[in-house]
Amino acid sequence: MSRYFVMTAIPYVNGKPHVGHALELVETDFLARYRRHRGDEVRAQTGTDDNALKNVQSAEAAGVSPQEYVEQVAQGFLSLGRALNLSFDDFIKTSSDPRHRPGVEKLWAACAERGDFYTKSYTGLYCYGCEQFYTEDELVEGLCPEHRVRPDLVEENNWFFRLSRYQDQLIELISSDRLRIEPAHRKREVLSFIESGLEDFSVSRSMERARGWGIPVPGQPDQVVYVWYDALANYITAPGYGSDEKNFAHWWTDSDERVHVIGKGIIRFHAVYWPAMLLSAGIQLPSTVFVHEYLTAGGRKISKSEGNAADPGELAERFGTDAMRWWMLRDVALTGDTDYTDERLVARNNEDLANNIGNLVNRTVSMVNKYRGGAVPALPGETALSADLRRVRAEAGARLDAEVAAFDFRKAAEVITQLGNEGNRFVEAATPWTLAKAEKKEGAVPETLDGVLAELVETCRVLGDLLVPFLPESAARILEQTGHGGDRVTAPAPIFRRLELATAED
RNA sequence: GGGCCGGUAGCUCAGCUGGUCAGAGCAGGGGACUCAUAAUCCCUGGGUCGCGGGUUCGAGCCCCGCCCGGCCUACCA
């Protein structure tokens, strides 16, 4: 048994979560459930990044205080947890969680102690409308691309972190996979970035520019901790860095794996800045950073302004939680963005779940009821007929392990559908209905049909077991109907419903 | 400008270190069966593997150039 700590990035969201956020949550939840199901000791964590300046702006736009605003955002994510049947052990809100600030202060002190902070005057072109700095080449004819105004030259004295100091160490850690970055092409990307030379980055902002929102720099209350330094720290403050050292040691320092699940847009922060911060503070590094790609919606980038930001809670309600989870795990590519459409979700649900697995369970349970009064016969030895099925069934677990270890959820899911296919083929090859007639009309011995039914029940039970991390509710129903490994099945009832697309008038 | 990832049958995609690598699923066409959620099973795929060169006995798979799409480009998620 190993100790496994998996966490999502904590999003800052100026609005409700969309399917893209749901993807990261579902993938992380899957990993957590998978390891728990294997018997590992697991902690899964998510939360919200509250201290971003953009939250202040969004709060203003919404006419509420920043604290009220981030609380609303957090509620949106918490309700998503219910809609998607997520099993997180912890949810940290960086603005209000009492564990967070002491941890950030401790981390700050540790980096300072190491001599990795220094102050530097930074001068840049600042647009007050955007509340951000622009570089020359980002400007359009010298004007802010958003507000069409000339940005002001602003000078500010900020704290900087000596990232440059850790360049060689990071290269060594990443190329040797002591800090594993997956998939492989992301590792190459990070390495080439680091090799091109790292520059120090600023880790504080003036309190004024931050509008008083954020964590004050220890000993210098006119500065706040830069949001990324603050946000990244959530991974260690939640388990207790700075507030509960025993728990922190248990889940971070002494765990076997510490896995980050993040989107491709924030690789740099997780694979470069964050490990460097930890090296500086003398803290254990994460073991793995898994990078997922993005979802698009109807072929276009998801954005609120396009009005195509599908609400995952609503989709889960419309199509079912497990249909939604299945689509995200079964149809989303490891490399390259994946387009979400209702059509794809419905097709995947109907083909894989309803027609393949669901139907196999249903016909199996029905036949056991019809031909054996619900009693499950004993599993016989292997026959020529059952050899293929048995092989696929026996290999499924190991194949699943390998695919999950590589974060290839799609191939992992395919292992399961392949077993379902094999089961359905076995039914056709064995034709149990013919065997049943032979017993009735010709007085054939019952052993042949017994064997076939036992083989099928066993296959369904394995399917149910393998599906637990993917589809917790449906898997439980499969295991229930197939009698929890006992000697009776229940009455048959469809596990998965067939879905139809909404018609035009809907 | 630089970097990375894609461009394979109508659709979604597999094809690891070059030699059954021209494939799977879906859709479409034909057939079978009836236990089952009009589900299942069998048969049916001749697509310049983005384009042009090159290396090699042999290249989707290696090299060079180009075209198209996506992403990243540092203190801006």
Side-chain angles (χ1 to χ4, degrees), chain A residues 9-13 49 52-54 120 122 124 127 130-135 137-138 158-161 163 183-205 226-229 231 262-270 272-273 291 293-294 296 299 301 331 333-339 341 343-344 347-348 350-371 410-411 414 417-418 420-421 423-437 449 452-453 456 492-499:
Chain A
I10 52 170
Y12 96 77
V13 190
D49 173 10
L53 182 57
K54 294 231 171 115
K120 190 171 89 177
Y122 177 78
C127 170
C130 300
E131 289 288 358
Q132 71 168 42
F133 283 97
Y134 281 102
T135 58
D137 54 344
E138 286 175 322
N158 291 327
W159 287 97
F160 277 71
F161 175 77
L163 180 65
H185 72 265
R186 295 298 176 191
K187 171 181 170 179
R188 293 195 295 274
E189 182 181 322
V190 169
L191 281 173
S192 76
F193 168 72
I194 298 174
E195 281 159 1
S196 73
L198 295 179
E199 293 177 19
D200 299 343
F201 67 102
S202 79
V203 288
S204 74
R205 289 288 181 281
Y226 171 52
V227 63
W228 266 108
Y229 190 95
I262 64 164
K264 64 183 176 184
I266 54 178
I267 299 177
R268 179 151 311 162
F269 299 97
H270 287 78
V272 182
Y273 294 11
V291 183
E293 311 260 332
Y294 291 152
T296 54
K301 185 173 178 175
D331 217 20
L334 195 54
T335 299
D337 292 350
T338 298
D339 193 39
T341 62
E343 286 80 1
R344 285 182 70 156
R348 219 72 255 194
N350 291 352
E351 289 164 23
D352 295 339
L353 301 183
N355 296 353
N356 181 350
I357 297 166
N359 188 235
L360 178 63
V361 173
N362 195 235
R363 66 202 305 204
T364 296
V365 173
S366 293
M367 286 190 283
V368 173
N369 273 289
K370 185 169 288 189
Y371 300 145
R410 191 162 58 170
K411 282 186 182 165
E414 198 178 354
T417 60
Q418 283 174 354
N421 282 330
N424 277 311
R425 266 196 289 275
F426 176 76
V427 176
E428 299 299 325
T431 58
W433 48 91
T434 306
L435 300 175
K437 282 175 194 156
L449 179 54
V452 169
L453 294 177
L456 285 171
I495 305 289
F496 304 101
R497 65 192 168 106
R498 289 180 56 79
L499 297 173

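Chain naming here is simple, since letters A, B, ... match the order of the sequence lines and numbering starts at 1 in each.
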Worksheet item: Parallel, tilted or perpendicular for H270(A) and W228(A), by the 30°/60° rule?
Response: perpendicular

Fill in: Under-4.0 Å side-chain N/O to phosphate OP1/OP2 contact, R498(A) with A39(B)
yes

Fill in: Selection from C41(B), U34(B), C5(B) that lies nearest to any side-chain heavy atom of N424(A)
C41(B)

Worksheet item: Using the purine O4'-C1'-N9-C4 or pyrimidine O4'-C1'-N1-C2 torsion, is G65(B) syn (within 90° of 0) or anti?
Response: anti

Worksheet item: Can you find a side chain N or O atom of R188(A) that sits less than 4.0 Å from OP1 or OP2 on C5(B)?
Response: yes

Discussion item. By the 4.0 Å heavy-atom rule, please label G265(A) as base, sugar-phosphate, or nothing.
Written reply: sugar-phosphate

Item to complete: Look at the side-chain N and O atoms of R410(A) and state whether any lies under 4.0 Å from the OP1 or OP2 oxygen of A14(B).
Response: yes

Worksheet item: Contact class for L198(A) vs. all strands (heavy atom < 4.0 Å): base, sugar-phosphate, or nothing?
Response: base

Worksheet item: Can any side-chain N or O of S204(A) pair as donor or acceptor with the backbone N or O of W159(A) at less than 3.5 Å?
Response: yes

Worksheet item: Any idea which of A36(B), C41(B), G3(B) is nearest the N359(A) side chain?
Response: A36(B)

Discussion item. Closer than 3.5 angstrom, by distance alone: can the side chain of T341(A) be matched with the main-chain N or O of R344(A) as a donor-acceptor pair?
Written reply: yes

Worksheet item: Considering only G6(B), A77(B), C35(B), which nucleotide approaches the side chain of V427(A) most closely?
Response: C35(B)

Item to complete: Give the rounded distance in Å between these two atoms: NE2 of H185(A) and C1' of G70(B).
Response: 11 Å

Discussion item. Check the phosphate of U40(B) against N355(A), side-chain N and O only, distance under 4.0 Å to OP1 or OP2. Yes or no?
Written reply: yes

Practice prompt. Kindly say if K411(A) contacts the phosphate of C13(B), meaning a side-chain N or O under 4.0 Å from OP1 or OP2.
Written response: no

Practice prompt. Under 4.0 Å between any heavy atoms, over every strand shown, what does I267(A) touch: base, sugar-phosphate, or nothing? Just pick one.
Written response: nothing

Discussion item. Using a 4.0 Å heavy-atom cut-off, does S202(A) contact any base of the nucleic acid, only the sugar-phosphate backbone, or nothing at all?
Written reply: base

Fill in: T296(A)-D339(A) side chain donor-acceptor pair, cut-off 3.5 Å
yes

Practice prompt. Give F496(A) one of three labels, base, sugar-phosphate or nothing, depending on what nucleic acid heavy atoms sit under 4.0 Å from its own.
Written response: base

Practice prompt. Determine the interatomic distance between C1' on G1(B) and the same-named atom on U55(B); round to the nearest Å.
Written response: 30 Å

Discussion item. Just to be sure I understand the rule, does Y371(A) reach a base, reach only the sugar-phosphate, or reach nothing, if contact means heavy atoms closer than 4.0 Å?
Written reply: sugar-phosphate

Practice prompt. Would you kindly give the CG-to-P distance between L456(A) and C41(B), to the nearest whole Å?
Written response: 13 Å

Worksheet item: Atom NZ of K264(A) and atom P of G70(B): how far apart are they, to the nearest Å?
Response: 11 Å

Worksheet item: Are R268(A) and F193(A) in a cation-pi contact, defined as NZ or CZ under 6.0 Å from the six-membered ring centre and within 45° of the axis?
Response: yes

Worksheet item: Among U12(B), C35(B), C75(B), which is the nearest nucleotide to the side chain of D331(A)?
Response: U12(B)

Discussion item. Using a 4.0 Å heavy-atom cut-off, does G197(A) contact any base of the nucleic acid, only the sugar-phosphate backbone, or nothing at all?
Written reply: base

Practice prompt. Ignoring hydrogens and angles, tell me if any N or O in the side chain of N424(A) forms a donor-acceptor pair with the backbone of N356(A) under 3.5 Å.
Written response: yes

Practice prompt. Look at all strands and tell whether E199(A) reaches a base, only sugar-phosphate, or nothing, counting heavy atoms closer than 4.0 Å.
Written response: base

Discussion item. Quick check, does W433(A) stack with C35(B)? I mean ring centres under 5.5 Å and planes off by under 30°.
Written reply: yes

